[in-house]
Amino acid sequence: MKYIYTAIFIPNEDGTKFYCRVPDLPGCITTGNSLEDAIEMITDAASGWLVVAEDEGNSIPPTTPQCDLDIPDNAICSIICIDTLAYRAATDTKAIRKNVSLPAWMATLAEKRGVNCSQVLQDGLMQLFNN
């Protein structure tokens, strides 16, 4: 799934570190040593938050319009895009064995042609998920 949220970045007094949060995702906070680092950190934190919510069947909070957020004067707002499928693909690389039934002729032909059925299935499922 793909989501878009507002992240709020608040610099410390000398601007060397940033406290960041996604107001719509309770408890989704982190810090970064630069604004670029903070954007990466909060995107990762929000991705993890949303993956857990999806896995546990929790409702996903709607995005609050920026004009309705309580934003401190010294804060920087940024839109962050979260793709939980991409996050899962990058972080959950453990393989799980699944048995698949194929007609005998198809399995024989695949073996003769050197087709990796597992890879074909993975590619087909990713294409299906991205539509």
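Predicted model only: the values in this text are computed from it and were never measured.
In the hydrophobic cluster analysis, where Ile, Leu, Val, Met, Phe, Trp and Tyr join through side-chain heavy atoms closer than 4.5 angstrom, M41 is grouped apart from L35. Linking ILVMFWY residues whenever their side-chain heavy atoms come closer than 4.5 Å, directly or via other members, leaves W49 and V51 in distinct clusters. Y87 and L25 end up in different hydrophobic clusters when Ile, Leu, Val, Met, Phe, Trp and Tyr side chains are linked at under 4.5 Å. Follow the hydrophobic side-chain contacts under 4.5 Å out from L125 and you reach L102 in the same cluster. Placement of M1 and V52 in two distinct hydrophobic clusters is found when ILVMFWY residues are connected by side-chain heavy-atom separations under 4.5 Å, directly or transitively.
With rounding to the nearest 0.5 Å, the separation of OH in Y3 from CG in L50 is 5.5 Å. To the nearest 0.5 Å, atom SG of residue C20 and atom CD of residue E40 are 11.0 Å apart. Going from atom CD of E111 over to atom SG of C117 covers 9.0 Å, rounded to the nearest 0.5 Å. Rounding to the nearest 0.5 Å gives a distance of 4.5 Å between CD1 of I80 and OG1 of T43.
Few gaps surround CD on Q119; more than 12 heavy atoms of other groups in view lie less than 6.0 Å from it. Within a 6.0 Å sphere centred on CG of D14, other residues, nucleotides and ligands contribute more than 12 heavy atoms. In E54, the CD atom is crowded: over 12 heavy atoms of neighbouring residues, nucleotides or ligands sit closer than 6.0 Å.
Taking every heavy atom of both residues into account, T6 and V22 meet most closely at O-CG1, 3.6 Å. For I71 against A75, the heavy-atom pair with the smallest separation is CG2-CB, 3.8 Å. For A45 against C28, the heavy-atom pair with the smallest separation is C-SG, 3.8 Å. Smallest separation of non-hydrogen atoms from T63 and I4: OG1-O, 2.7 Å. Closest non-hydrogen pair, R21 versus I42, comes out as CA-CD1, 3.9 Å. Closest approach of I8 to C77, counting heavy atoms only: CG1-SG, 4.2 Å.
Of the possible donor and acceptor atoms, one in the side chain of N12 sits under 3.5 Å from a partner among the backbone N and O of K17. Formation of a donor-acceptor pair under 3.5 Å by the S78 side chain with backbone atoms of A7 is not found in this model. When atom types are taken as modelled, the side chain of D37 and the backbone of N33 share a donor-acceptor pair closer than 3.5 angstrom. Remark: side-chain polar atoms of N130 are paired, donor with acceptor, to backbone N or O of M126 under 3.5 angstrom. A donor-acceptor pair under 3.5 Å is absent between the side-chain atoms of Y5 and the main chain of I82, judged by distance alone.
For the residue pair D123 / Q127, no side-chain donor-acceptor distance below 3.5 Å is found, with atom types taken as modelled.
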For a side-chain contact (heavy atoms from CB on, under 4.5 Å) check, start with the C-alpha distance between M106 and V115, then their side-chain angles and the critical distance, and finish with the verdict. CA-CA 10 Å; M106 191 179 288; V115 174; over 6 Å; no

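In summary, of the residues considered (I39, T30, I76, I10), a side chain to side chain contact (heavy atoms under 4.5 Å, CB included) with F18 occurs for I76 alone.
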